[in-house]
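By convention in this document, chain letters (A, B, ...) are assigned in the order of the sequence lines, proteins followed by strands, and residues within each chain are numbered from 1.
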There are 2 protein chains.
Amino acid sequence: MSQGEGGLRERKKLQTRAALTDAALRLALEKGPDSVTAEEIAEAADVSVRTFFNYFPHKEYAILGRNPAHLESALERIATAPAEQSPLTTMWLIVRDVLHDLMAEGELSRRGELIMGSPSLLYHLMLSSMDDERQLSAALTERIGDPLRARLIVSAAGTACRVAVELHKDGPDSAPADLVDAAFQLLAQGLDPDYQKGSS
Amino acid sequence: MSQGEGGLRERKKLQTRAALTDAALRLALEKGPDSVTAEEIAEAADVSVRTFFNYFPHKEYAILGRNPAHLESALERIATAPAEQSPLTTMWLIVRDVLHDLMAEGELSRRGELIMGSPSLLYHLMLSSMDDERQLSAALTERIGDPLRARLIVSAAGTACRVAVELHKDGPDSAPADLVDAAFQLLAQGLDPDYQKGSS
DNA sequence: GCAGATTCTTGCAGTCACTGCAAACTATTA
DNA sequence: TAATAGTTTGCAGTGACTGCAAGAATCTGC
């Protein structure tokens with residue numbers, strides 16, 4: 001019979017993955033994300049470079065250390081949201097919780113700054129976000145029917161987060177969470193009440 | 001006295017750049033964007049590989065062959081838009097014209113499909129778009145004052161385009177231009193009239 | 001039209017990311 | 001414990017990209 005989750009093999013894999021993401025984040029913070037080499041990360045985690053690339057398709061994925069649980073729980077929540085809850089509200093609740101988790105781990109500041117400061121990290125984050133978006137959009141379309149609106153809501157939610165973090169970085173007057181709130185408000189109520197009134 | 005724009009040197013540089021982007025696009029279409037090598041592109045344009053990398057920071061930039069004029073004209077238009085024109089309308093007019101130009105060049109289909117089909121191209125495009133976004137947001141903030149709203153409008157406009165193209169790719173029932181129109185409508189009027197009414 | 005300053009191109013050597021393959025190793029299962 | 005299936009590793013190779021210094025072109029003032 002298969003041991004599935006509990007087996008030694010499974011545990012070792014998790015350990016190795018954790019060791020790699022930890023080492024990757026630590027080294028990236030120490031030396032700057034673009035000057036860490038895959039070799040250093042592998043060495044710090046005490047595995048071969050080849051093994052490192054068995055775990056991650058790109059060096060950047062290790063530094064991003066994305067938590068696959070986030071996407072899964074988001075999909076779950078979209079599917080099981082109460083009928084009376086409007087779709088953007090669902091997205092907002094999801095975003096709020098993810099944000100909350102990240103803050104709790106103290107990661108938003110450290111990792112967030114790291115990511116925003118490095119084009120290659122940003123690029124890979126967006127790469128994986130766009131993949132997520134596709135899945136989230138599909139789930140939301142399932143609920144509300146309108147594919148365009150579903151896709152826009154999901155993408156706009158992502159945009160709201162990004163804009164909030166960028167804005168917070170530019171002038172840290174307000175907390176990211178407040179900025180995200182405000183952004184969602186704007187998206188919900190409309191970005192422009194006078195749209196096309198002024199077009200020739 | 002400097003010859004500036006008209007000199008032979010300047011003309012040759014433009015020629016070389018054009019030869020490189022042309023070769024890059026042609027080869028990418030022929031063999032798929034991920035299997036073209038920098039060496040092939042350089043050879044087709046009859047320059048050394050080293051020279052290729054003097055012109056473009058990444059292989060992908062040559063394939064994208066972005067037109068810097070588009071950004072400049074957009075910035076210009078934001079700055080000089082009539083006072084009675086609402087900001088999202090301005091963005092919509094800009095997007096519509098860029099789209100129109102691309103269609104006219106017959107590039108939207110060829111290059112657009114190429115880009116959408118290749119993760120690495122897509123992300124290089126987004127990376128450069130994010131740079132544009134920053135500049136466009138700054139210009140729009142200048143006009144309307146509210147940085148959050150300006151940033152959201154610019155980012156959302158970009159999102160609208162991307163979503164429209166993706167959706168068009170999924171099921172080409174409707175023209176990209178119509179999808180963009182619909183997306184802007186939704187963004188203008190609000191993605192979700194019932195926002196937060198259903199939150200516990 | 002020419003010498004000298006400026007700018008481009010090029011080859012070369014080197015670093016690093018990433019891949020496929022096959023051998024060695026280790027957990028799992030019967 | 002023996003067979004099996006999954007994991008790790010070294011190795012060799014491809015390709016992106018960079019810095020450097022030499023050579024070739026263009027441009028400038030005269």
Side-chain angles (χ1 to χ4, degrees), chain A residues 1-21 23-24 27-28 30-64 118-125 127-128, chain B residues 1-21 23-24 27-28 30-64 118-125 127-128:
Chain A
M1 184 137 197
S2 161
Q3 293 205 217
E5 338 123 23
L8 174 58
R9 190 170 265 168
E10 202 68 17
R11 263 178 291 136
K12 276 201 170 176
K13 277 191 80 170
L14 286 178
Q15 272 173 30
T16 305
R17 175 175 289 269
L20 282 170
T21 54
L27 288 169
E30 266 175 41
K31 328 184 35 174
D34 293 329
S35 11
V36 200
T37 68
E39 196 176 351
E40 289 169 320
I41 299 174
E43 195 175 352
D46 209 37
V47 294
S48 73
V49 178
R50 193 61 188 83
T51 298
F52 174 77
F53 282 109
N54 285 340
Y55 278 85
F56 304 97
H58 308 286
K59 188 184 64 167
E60 285 79 9
Y61 273 48
I63 303 178
L64 286 176
S118 154
S120 70
L121 283 183
L122 197 51
Y123 161 110
H124 279 95
L125 178 65
L127 182 109
S128 61
Chain B
M1 181 136 202
S2 161
Q3 293 205 217
E5 338 124 21
L8 174 59
R9 188 174 268 162
E10 202 68 17
R11 263 179 291 136
K12 278 204 169 175
K13 278 190 81 172
L14 286 179
Q15 273 174 31
T16 305
R17 173 174 290 267
L20 282 170
T21 53
L27 288 169
E30 267 175 40
K31 327 184 35 172
D34 294 329
S35 10
V36 201
T37 68
E39 197 176 351
E40 289 169 319
I41 299 173
E43 194 175 353
D46 209 36
V47 294
S48 72
V49 178
R50 194 60 188 83
T51 298
F52 174 79
F53 283 110
N54 285 339
Y55 278 84
F56 304 97
H58 308 286
K59 188 183 64 166
E60 285 78 11
Y61 273 48
I63 303 178
L64 286 176
S118 154
S120 70
L121 284 182
L122 193 50
Y123 301 119
H124 276 282
L125 178 65
L127 205 60
S128 63

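Ring-plane geometry between H124(B) and Y61(B) is classed as perpendicular, the angle between the planes exceeding 60 degrees on a 0 to 90 degree scale with a lower cut at 30.
Screening I41(A), T37(A), I63(A) for a side-chain contact (heavy atoms from CB on, under 4.5 Å) with L27(A), the sole residue that qualifies is I41(A).
For E60(B), whose side chain is taken as the heavy atoms from C-beta onward, the closest listed nucleotide among dT9(C), dG10(D), dC17(D) is dC17(D). Nearest nucleotide to the F53(B) side chain, out of dG10(D), dT10(C), dA16(D): dA16(D).
Straight-line distance from the CD atom of Q15(B) to the P atom of dT26(D): 11 Å, rounded to whole Å. Going from atom CG of L8(A) over to atom C1' of dA5(D) covers 15 Å, rounded to whole Å. Here the P atom of nucleotide dG15(D) and the CZ atom of F52(B) are 14 Å apart, to the nearest Å. Spacing between atom CG of L20(B) and atom P of dC17(D) amounts to 14 Å, rounded to whole angstrom units. Atom CD in E43(B) sits about 15 Å away from atom C1' in dG11(C), given to the nearest Å. Atom C1' of nucleotide dC17(D) and atom OH of Y61(B) are separated by 14 Å, given to the nearest angstrom. The nearest whole Å value for the distance from the CG atom in D34(A) to the P atom in dA17(C) is 10 Å. At whole-Å resolution of the value, CZ in R50(B) and C1' in dA24(D) are 17 Å apart.
Counting heavy atoms from C-beta outward, R11(A) and L14(A) have side chains that stay 4.5 Å or more apart. Using a 4.5 Å cut-off on side-chain heavy atoms (C-beta onward), K13(A) and Y55(A) make contact.
Of the side-chain N and O atoms in H58(B), none sit less than 4.0 angstrom from OP1 or OP2 of dA16(D). For dT8(D), neither phosphate oxygen OP1 nor OP2 lies less than 4.0 angstrom from any side-chain nitrogen or oxygen of S48(A). Within the 4.0 Å cut-off from OP1 or OP2 of dT26(D), at least one side-chain nitrogen or oxygen of K12(B) is found. Between T37(A) and dC16(C), a side-chain N or O to OP1/OP2 separation shorter than 4.0 Å is absent.
Across all their heavy atoms, P33(B) and S118(B) have their closest contact at CG-CB, 3.5 Å.
V49(A) comes within 4.0 angstrom of nothing in the nucleic acid, heavy atoms only.
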In B/S/- notation (B base, S sugar-phosphate only, - none; protein heavy atoms under 4.0 Å), nucleotides 3-8 of chain C written 5' to 3' is ---BBS
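Environment of CG in D34(B): crowded, with over 12 heavy atoms of neighbouring residues, nucleotides or ligands closer than 6.0 Å. In this structure, E43(B) places its CD atom where only 12 or fewer heavy-atom neighbours from other residues, nucleotides or ligands lie under 6.0 Å away.
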